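Nothing here was measured: the structure is a model prediction, and the numbers come from that model.
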Amino acid sequence: MEFDPNDNEVVMKFSMGTPPIDIHAIVDTGSDLVWTQCEPCHVCHKSKFGVFDPRKSSTHKNITCRSKDCRLLGDSYPRREVELCRKAPTTNCVYTYDYEDESYTVGHLGRETISLKSTTGNVVTLKDIIFGCGITNNITGSSENDMGLVGLGRGPLSFVSQVAPYVGGKKFSHCFVDNPNLESKIYFGNGSEVLGEGVVTVPLVDDPTAYYVTASGISIGNDFVPFNSNGTLLKKDNMMIDSGTPFPKVPQDLFNRMVTKLQKAVPLKSVIKKIKVIDALCFATTTPPTLPKMAIHFEGGGELPLSNKTLTFPVDDETYCLTIVSGTDDYSFFGGILQTNLLLGFDLDKNTVSFKPTDCIEYNKNN
């Protein structure tokens with residue numbers, strides 16, 4: 001996997017089809033579907049890696065609308081297709097998949113052979129993986145460095161669920177580096193556990209697709225900023241761990257209270273700027289500002305320190321902004337930028353997520 005600095009996403013490379021074609025797809029823990037742009041494409045975003053053509057693969061298999069695989073789509077199977085399928089049950093299984101940032105893909109499901117390089121350097125071949133052949137697609141803010149998405153969510157169509165029988169269970173971990181010239185790695189199944197000193201393990205809140213946890217608040221220096229300010233009961237699924245959302249987001253009220261604390265703690269001129277229609281706290285400085293120690297606190301007592309390196313980013317030669325921005329939802333996003341230099345492990349069998357601050361360059365080199 002490689003970090004794409006143009007859109008702050010992590011892109012996974014694998015091969016698909018026979019003969020194999022390299023696929024470059026955004027890693028997304030917030031969704032399930034594995035998909036790539038396919039010919040004949042009606043609307044495809046520009047990609048320097050081209051478009052997959054299933055007609056040229058000898059291992060491609062169509063999935064019909066009456067098959068049990070098609071029913072795995074749930075609400076992503078368009079209602080208008082139900083009557084059409086009754087009349088023509090051998091037609092393709094059509095899907096419509098929408099994302100939080102208004103990205104979408106429309107296409108049909110198929111099965112295909114996928115090949116990955118293992119950590120030992122050997123090629124692992126997985127047959128009959130269900131994937132989406134997208135023929136009308138839009139990825140908001142996408143660069144030309146991807147062709148689709150790899151859904152790593154909790155549902156039956158996710159890559160995690162599909163490879164589980166081959167690797168010893170529904171669990172995986174990753175350690176992202178933010179250097180586009182260096183590889184990140186993702187680890188599936190046995191051996192992917194996050195262990196050792198400094199691990200923070202938190203229970204996951206039940207959800208069919210996404211990874212939600214319950215955060216009680218954020219500490220800034222010696223001050224604790226609670227998630228709720230009005231004394232209401234803490235929402236149990238108030239933080240989504242989502243690699244496909246680059247910038248971590250918090251509700252506007254929490255963001256405003258964080259800004260108040262940070263403006264008092266950081267002796268620099270600051271201002272709220274609109275960056276891609278979201279509010280960000282920005283400081284007038286030519287070098288990364290020194291922030292007070294910050295940590296996310298989880299229900300039950302877990303505390304995850306945040307690296308100063310991942311908390312700010314430059315917008316020009318004289319301005320650095322906080323990576324934690326305001327959101328429009330009543331829950332937070334633990335976005336992909338905060339996931340760099342963090343060994344992050346998901347265990348769906350135990351229903352937990354584990355965090356461990358890690359030098360990912362060294363970790364990926366040695367594992």
Side-chain angles (χ1 to χ4, degrees), residues 9 12 14 16 23 25-45 51-52 54 60-112 114 126 128-142 146-164 170 204-212 237 240-245 329 331 333 346 348:
E9 302 276 17
M12 180 176 172
F14 56 93
M16 188 161 72
I23 304 294
I26 294 169
V27 173
D28 185 20
T29 54
S31 65
D32 289 333
L33 188 65
V34 180
W35 68 271
T36 186
Q37 301 193 126
C38 284
E39 295 287 8
C41 207
H42 300 162
V43 179
C44 277
H45 67 271
V51 179
F52 180 73
H60 181 263
K61 301 172 185 174
N62 283 325
I63 291 175
T64 63
C65 62
R66 290 293 294 272
S67 73
K68 63 179 182 179
D69 292 334
C70 192
R71 292 196 289 273
L72 296 176
L73 283 169
D75 292 341
S76 296
Y77 183 70
R79 290 185 178 181
R80 65 179 181 275
E81 294 292 324
V82 175
E83 186 59 33
L84 294 173
C85 189
R86 287 196 187 103
K87 297 175 181 177
T90 58
T91 56
N92 288 340
C93 174
V94 175
Y95 71 84
T96 299
Y97 212 91
D98 299 308
Y99 296 89
E100 181 80 23
D101 64 355
E102 300 183 354
S103 298
Y104 60 84
T105 175
V106 179
H108 52 85
L109 288 190
R111 284 185 177 271
E112 191 52 279
I114 287 180
L126 306 168
D128 290 331
I129 297 296
I130 300 172
F131 80 106
C133 232
I135 56 174
T136 302
N137 317 293
N138 176 58
I139 300 181
T140 303
S142 172
D146 61 77
M147 305 159 69
L149 270 80
V150 176
L152 296 178
R154 307 174 73 169
L157 287 175
S158 82
F159 193 73
V160 179
S161 297
Q162 293 196 67
V163 303
K170 289 185 181 181
L204 289 165
V205 180
D206 288 338
D207 187 87
T209 294
Y211 299 103
Y212 285 103
D237 54 353
M240 180 180 176
I241 303 170
D242 183 11
S243 63
T245 299
D329 300 289
Y331 56 93
F333 286 87
F346 302 84
L348 280 67

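- Residues Asp98 and Thr96 are in side-chain contact: their nearest non-hydrogen atoms beyond the backbone lie under 4.5 Å apart.
- Taking 4.5 Å as the limit, every side-chain heavy atom of Phe14 sits out of range of all side-chain heavy atoms of Phe159.
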Is there a side-chain hydrogen bond (donor to acceptor under 3.5 Å, both in side chains) between Thr105 and Tyr95? Walk through the geometry before answering. CA-CA 8 Å; Thr105 175; Tyr95 71 84; 2.9 Å; yes
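- At a threshold of 4.5 Å between non-hydrogen side-chain atoms, the residues Val34 and Ile129 do not count as touching.
- Note that CZ of Phe52 is 13.0 Å distant from CD of Gln37, once rounded to the nearest 0.5 Å.
- A donor-acceptor pair is defined here as one N or O able to donate and one able to accept, closer than 3.5 Å; such a pair exists between the side chain of Asp242 and the backbone of Gly30.
- Of all non-hydrogen atoms in Asp207 and Tyr212, the two that sit nearest each other are OD1-CE1, 3.6 Å.
- Proximity of a side-chain donor or acceptor of Asp101 to a complementary backbone N or O of Ser103 within less than 3.5 Å is detected.
- Between Cys44 and Gly134, the closest heavy-atom pair is SG-O, 4.5 Å.
- At a threshold of 4.5 Å between non-hydrogen side-chain atoms, the residues His45 and Asp146 count as touching.
- Remark: side-chain polar atoms of Thr64 are not paired, donor with acceptor, to backbone N or O of Thr90 under 3.5 angstrom.
- Once rounded to the nearest 0.5 Å, the distance linking OH of Tyr104 with CG of Asn138 reads 4.5 Å.
- Listed here is the closest heavy atom pair of Val94 and Tyr77: O-CD1, 3.2 Å.
- The side-chain heavy atoms of Ile23 and Ile114, taken from C-beta on, include no pair separated by under 4.5 Å.
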Run the side chain to side chain contact (heavy atoms under 4.5 Å, CB included) check on Glu100 and Asp329 step by step: do they pass? CA-CA 10 Å; Glu100 181 80 23; Asp329 300 289; 3.2 Å; yes
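- The aromatic rings of Phe346 and Tyr211 sit tilted relative to each other, their planes meeting at an angle between 30° and 60°.
- Using a 4.0 Å cut-off between charged nitrogen and carboxylate oxygen, Asp128 and Lys61 count as a salt-bridge pair.
- Checked by atom type and distance alone, the side chain of Ser31 never pairs as donor or acceptor with a backbone atom of Gly151 at under 3.5 Å.
- For the atom pair Asp28 CG and Leu33 CG, the distance stands at 10.5 Å (nearest 0.5 Å).
- What you find for Gln162 and Ile130 is that their closest heavy atoms are OE1-N, 2.7 Å.
- Cysteines Cys70 and Cys65 are not disulfide-linked, with SG atoms at least 2.5 angstrom from each other.
- The distance from the NE2 atom of His42 to the OG1 atom of Thr136 is 6.0 Å, given to the nearest 0.5 Å.
- Summarising the geometry of Glu9 relative to Ser243, their closest heavy-atom pair is OE1-O, 3.6 Å, with the distance given to 0.1 Å.
- Counting heavy atoms from C-beta on, the side chains of Leu73 and Leu157 come closer than 4.5 Å.
- Between the Tyr97 side chain and the Asp32 main chain, a donor and an acceptor come within less than 3.5 Å of each other.
- Side chains of Ser67 and Asp69: no donor on one and acceptor on the other come within 3.5 Å.
- A salt bridge (Lys or Arg N to Asp or Glu O under 4.0 Å) with Glu83 is found for exactly one of Arg79, Arg86, Arg80, namely Arg86.
- Across all their heavy atoms, Glu112 and His60 have their closest contact at OE2-CB, 3.2 Å.
- Contact check for Val27 versus Leu152: side-chain heavy atoms found under the 4.5 Å cut-off.
- Remark: of the listed residues Leu204, Thr29, Thr209, Leu204 is the sole one forming a side chain to side chain contact (heavy atoms under 4.5 Å, CB included) with Arg154.
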